[in-house]
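Here is the structure we will look at, set down as C-alpha cells.
Just so you know, these numbers come straight off a predicted model, no measurement behind them. Convention: sequence-line order gives letters A, B, ...; per-chain numbering from 1.
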Amino acid sequence: MPKYNPEKIEKKWQRYWEAKKFYHTKEGKNNYMLLTEFAYPSGNLHIGHWLAFSVPDILARYLKMTGHNVLYPTGFDAFGLPAENAAIQRNINPRDWTEDNIKQMTKQLKNTGAMFDWSRAVSTIDPAYYKWTQWIFLKMYEKGLAYREKTFVNWCPKDKTVLANEQVKDGHCDRCGTEVEQKELFQWMFKITDYADRLLDDLDKVDYPETVRVAQRNWIGRSEGALLKFPIFNSKFSKGGQEYIEVFTTRADTLFGATYLVLAPEHPMVTKLTKDENLDTINKYLEEVKNKTEIERLYIDKSKTGVNTGGYVVNPINNEKIPVWVADYVIGWYGTGAVMAVPAHDERDWDFAKKFDLSIEKVVAMAQPEGTEDGAYEDEGDLINSGEFEGVFSKEARKKIVDKLKEKGLADFKKNYKLHDWVLSRQRYWGVPIPMIHCDKCGYQPVPEKDLPVELPVLEDFKPTDDGRSPLAKAEGWTMAKCSKCGQDAERETDTMDTFVDSSWYFLRYADPINQKEFADKKKLRAWLPVPLYIGGAEHNTMHLLYSRFITKALHDLGYLDFDEPYLTRRNHGVILGPDNQKMSKSRGNVVDPDIEVKKFGADTIRMYLSFMGPYDQGGPWNTDGIQGVFRFLNRIWNFIDKPTEPKVSDKEVDKILNKATKEIGGDIRDLKFNTGVSGLMKLLNALEDKWLTKKQFGTFLKLLAPFAPHITEELWQTVLKNKKSIHLEAWPQYDEALLIDGPVDLVIQVNGTKRDVLKITKGLSEEEVKRIVLGNENIKKYLVGKDIKKFIYVKNRLTNIVI
RNA sequence: GCCCAGAUGGCGGAAUUGGCAGACGCAAUGGACUCAAAAUCCAUCGAUCGCAAGAUCAUGGGAGUUCGACUCUCCCUCUGGGCACCA
C-alpha cells in the first residue's frame with residue numbers, strides 16, 4: 001500500500017463523481033433539500049465557507065444513505081456593494097470582477113468534496129434569475145406591497161446609497177462603518193409592516209434557535225397599547241372644532257398620573273401649540289436638536305433636554321389642564337411622536353420632571369410600600385388617586401380606562417411596531433434594476449411582464465453620485481422607454497434593488513432553476529419546499545431571515561406558494577476564529593487559508609477537523625496542532641487496510657462494536673453533533689485496530705466514515721475492497737437493537753453518594769438480586785461495618801446507592 | 001439598563017438530560033525504533049497526601065432541593081452576543 005496521499009485521491013474521485021453526474025438531483029420520493037446560505041463571491045473561499053458547506057455536507061450524505069432523495073444546492077449571491085467597490089478600486093467592471101470570482105470560488109467549492117448539485121446552481125446576476133426578482137417586485141407592486149414614497153432614509157455618504165434600517169448598526173453603515181446621515185428622498189419600499197403580526201406570531205410554527213426568535217421579536221418590536229386623544233386647551237387655531245394631540249401608550253392605567261405631555265421636535269403641532277412669547281426659545285431649541293446628529297441624539301447624549309411650549313392640553317380622563325413640552329427624548333417616528341408623561345411611573349419622565357420641576361402624581365400602589373421614594377415605580381399594581389378606578393389592578397385598569405374613553409371617541413386599542421417598511425431602493429449600479437417606468441402623464445407604471453428582464457446595461461462610468469441619483473441615470477439610451485399605459489416617451493426607474501431582495505427567494509429557484517416561464521413550477525416547488533432544514537450564520541438572524549419569510553408569505557398570499565413559512569427548521573453554525581482566538585482578518589495576519597490546508601492535509605481532514613473542534617453552533621479558534629490529530633486518524637484508517645482482513649470466522653465481538661457505533665454515529669449526525677460523531681469514529685478505530693475484520697465488516701466501518709471523509713472512503717472501498725460501485729451509493733448500515741442490549745453492564749456502587757466500587761452484572765437483574773450481590777461483596781462490606789442501612793437505591797442496570 | 005447564551009484539566013471539548021466527571025483529540029513527559037531527526041508504536045497524564053493500596057478535594061463563586069447535582073432552584077462574578085430614551 002502506498003502512503004496516504006489525499007491530494008492525489010481527492011482530485012481523482014472529485015472528477016469521477018462529476019463525470020458520473022453523481023449529485024444531479026431529480027424529484028423523487030422522500031425529497032429533502034438541505035439548504036445552506038449561498039456564498040457572496042468575494043474572491044476566495046475562506047475557512048468559514050468550509051464550516052458552512054463541508055460540515056452540513058456530512059448530514060446531506062448521511063440523509064442520502066438513509067434513503068432520502070437529497071438536494072444539496074448552492075449558488076452565488078452576486079450583486080452588491082462590496083463587488084462594486086472592489087471593481088471601482090481596480091478600475092474594472094463589476095461584472096468581470098464578479099464572474100472571475102465565481103469561477104475561482106466554484107473551483108474551490110468543488111475542492112470541499114461537498115455533494116453540491118451544480119446543475120441547479122443559481123446566480124443572482126444572471127438575467128434569467130433576476131428576471132424573476134423583477135417579476136416578484138411587480139407582483140408586490142400589483143398587490144400594493146411595493147410603493148414609492150418620500151421619506152427620511154439612512155444615507156451612507158461614503159457608499160453614496162440608502163441603507164435599510166437593518167443595515168444601520170449604532171448609527172453607522174453596516175458595510176463600511178461610516179456615520180449614517182438622514183436624507184429625505186423618494187424611495188421604493190416593501191410594506192413589510194403589513195406582515196408584522198404574522199412574522200411575529202408564526203415564529204411559533206417553526207423550529208428556530210431561541211436566539212433567532214428573540215432577535216426577530218426584538219426587530220419587529222410589537223407593543224400592545226392604546227392611542228389616546230388629548231384635547232388642545234384653548235387652541236389659538238381651534239376655529240373649526242376641537243383639535244387633539246394623539247399619544248401612544250402601553251400604560252393607559254397610569255393616565256391619572258399624566259401630568260404633562262411631550263412632543264418630539266419633529267411633531268407638526270409644535271409651532272401651532274407654542275405661545276407667541278415662547279416661539280423664540282422653541283425655535284432655538286429646534287435648531288439645536290437639528291444640529292445634533294442621530295448618533296448624538298440617540299446613543300451618546302441621553303441627558304434630557306426640552307422646552308415648554310406654553311400650550312396646554314386636557315387630560316381626557318380627569319379633565320385636568322396639563323402643560324405641553326417639546327423634548328428630543330421623544331422619537332418622532334415611533335408611535336405618534338407624542339407621549340403622555342407619567343413621571344411617577346416612568347423613569348424617563350421622572351428624570352425630565354425632576355429636571356424641569358414638573359408635578360409628579362402617584363397613581364399605582366407599590367407592591368412593597370416601604371420601597372424607594374426616589375425614582376419611578378414602573379411595575380404594575382393597584383390604582384390609587386384614580387377616581388372611579390381606585391383599587392383596580394393595572395392590567396384590568398388599562399382595558400377599563402380605554403373602554404371608557406373609547407365611548408367618547410377619545411381612545412382606541414392599538415398595536416405599535418419598531419419594524420419599518422423595507423426601503424429597497426439603492427442608488428448604485430451593481431444591482432437588479434427596479435422594473436418601473438416613469439411617465440410625466442401617467443406617473444409610475446410597471447414594466448409589462450413580457451418585457452422582463454430589464455437588463456442591467458453595461459456602463460463605462462458606474463461610479464455613484466452625490467445627488468442621490470443612481471449611476472444608471474447616466475445611461476441615456478437605456479433610461480428611455482415608452483409608458484406602458486399611454487405609449488408616450490417615458491423614463492426608466494434608475495434605482496436598483498437591495499441585494500436582500502435577490503436572496504429573499506433564491507431557495508425557491510433551486511427547485512426549478514432553469515424555468516423560463518415561471519419562477520418555479522408548482523409541482524417542483526411542492527416536491528422540495530418548504531425547506532426542512534436551513535443551516536447558516538447568526539449574522540442573518542434578522543435581516544435575511546425576516547425578509548425571506550416576508551417574501552414567502554407575500555407569494556403565498558398571492559397564490560404562488562402553498563406554504564407561508566420558507567424554512568421549517570433553522571440551525572446556526574459558529575464562527576471560526578484565528579489561532580490567536582481573534583476574529584480572522586488580514587490586518588491581524590491570522591487568516592487560515594483553506595487552499596494551503598487542503599494541500600497539506602486534504603479535504604477529508606479539514607472536514608473532519610471542523611466537525612471535531614467543538615459543537616457546530618459554537619465555532620472557536622483554529623488549532624494548528626488539533627488538525628494533526630484528525631490527519632493521524634485518517635492515516636491510521638489507511639494503514640489499517642494492510643492488516644489481514646480475512647480471518648476464518650466473522651468475529652461476533654466486532655459486529656457488536658460496529659452495531660453500537662452505527663446507532664450512535666447516525667444519531668450524532670442527525671442531531672448535528674458532528675464533534676461527538678468524529679470522536680465516535682475514533683473510538684471505533686481504537687476498539688477495532690487490534691482485531692481481525694471481514695471484508696464486510698471493514699466495509700461497514702467505511703460506510704460510517706463515508707459522510708465525513710468521502711474521498712478516502714471511496715478510495716478504500718473501490719480500490720482496496722474492490723467494490724464496483726461507489727460507496728456513496730450504499731445504504732447506511734442497519735443496526736440491531738437486540739445486539740445492543742445483551743451482555744453484562746457496569747454497576748456503580750455508591751455508599752452515601754460516593755463511588756466505592758464497580759461490578760459487572762448481568763443486564764436486567766431485579767433489585768432483590770442486585771441487593772444480595774452488592775451486600776455480599778467483600779469490598780463493600782467494609783464500609784458497612786457497624787452501620788444501619790437506612791435506604792437502598794437501585795437504578796436499573798446503572799447504579800446502587802447505599803445510604804447509611 | 002434590558003434580553004439571550006455561556007463558564008468543566010495546560011488546551012479544544014465529552015457526559016445516555018438527575019446517576020462512574022474529564023470520553024475523544026491536542027500538548028506534555030518517559031520509553032521503543034533510528035547514526036540522528038521526522039513519522040510510527042508503547043506507557044503516564046485534574047489537584048493534594050501517599051512507596052503503594054487508597055484517601056481527600058475538584059465542573060466560575062455562594063447558598064438550597066435530593067439518597068445522589070456539571071445537570072434543577074435562588075443570589076453573585078466574569079465572558080460572548082443582541083437590543084437600547086420604542087412611551
Salt bridge (Lys or Arg N to Asp or Glu O under 4.0 Å) involving [X] - partner list, sequence neighbours excluded:
| X | result |
| --- | --- |
| D625(A) | none |
| D349(A) | none |
| K599(A) | E7(A) |

Distance below 4.0 Å between Y329(A) side-chain N/O and A87(B) OP1 or OP2: no
Side chain to side chain contact (heavy atoms under 4.5 Å, CB included) involving Q582(A) - partner list, sequence neighbours excluded: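 Partners of Q582(A) under the side chain to side chain contact (heavy atoms under 4.5 Å, CB included) test: D580(A), R588(A), N590(A).
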For N581(A), side chain to side chain contact (heavy atoms under 4.5 Å, CB included) partners two or more places apart: L577(A), P621(A)
Under-3.5 Å N/O pairs linking protein and nucleotides 38-40 of chain B:
unit_1: U40(B); atom_1: OP1; unit_2: R632(A); atom_2: NE; d: 3.4

Sugar-phosphate, base or nothing in reach of R756(A), heavy atoms under 4.0 Å: sugar-phosphate
Sugar-phosphate only, base, or nothing, as touched by K673(A) at under 4.0 Å among non-hydrogen atoms: sugar-phosphate
Base-pairing mate for U17(B) - Watson-Crick or G-U, with both contacts under 3.5 Å: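 Its partner is none (no Watson-Crick or G-U wobble pair with both distances under 3.5 Å).
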Indicate every side-chain donor-acceptor pair of residues 613-620 of chain A with a distance under 3.5 Å to a residue at least two apart or in another chain.
unit_1: Y616(A); atom_1: OH; unit_2: L51(A); atom_2: O; d: 2.6

Gap in Å between the two P atoms, one belonging to C57(B) and one to G62(B), rounded: 14 Å
A47(B) to A84(B) separation - P atoms, rounded to the nearest Å: 48 Å
Under 4.0 Å protein heavy-atom contact, by nucleotide of nucleotides 19-24 of chain B - B base, S sugar-phosphate only: BB--BB
Residues touching RNA chain B, which here means a heavy atom under 4.0 Å, drawn from residues 613-621 of chain A: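 Result for residues 613-621 of chain A: M613(A), P615(A), Q618(A), sorted by number.
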Residue pairs passing the salt bridge (Lys or Arg N to Asp or Glu O under 4.0 Å) test where at least one lies in residues 245-256 of chain A, sequence neighbours excluded: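 Passing the test, one end in residues 245-256 of chain A: R251(A)-D253(A), D253(A)-R398(A).
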Those residues that, when tested against T624(A), pass side-chain hydrogen bond (donor to acceptor under 3.5 Å, both in side chains) (two or more places apart): none
Show me the donor-acceptor pairs, under 3.5 Å and distance only, between side chains in residues 630-637 of chain A and residues at least two apart or in other chains.
unit_1: N635(A); atom_1: ND2; unit_2: F631(A); atom_2: O; d: 3.0
unit_1: R636(A); atom_1: NE; unit_2: E689(A); atom_2: OE2; d: 3.0
unit_1: R636(A); atom_1: NH2; unit_2: N686(A); atom_2: OD1; d: 2.6
unit_1: R636(A); atom_1: NH2; unit_2: E689(A); atom_2: OE1; d: 3.0

In G9(B), glycosidic geometry as syn within 90° of 0 or anti otherwise: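 That one's syn.
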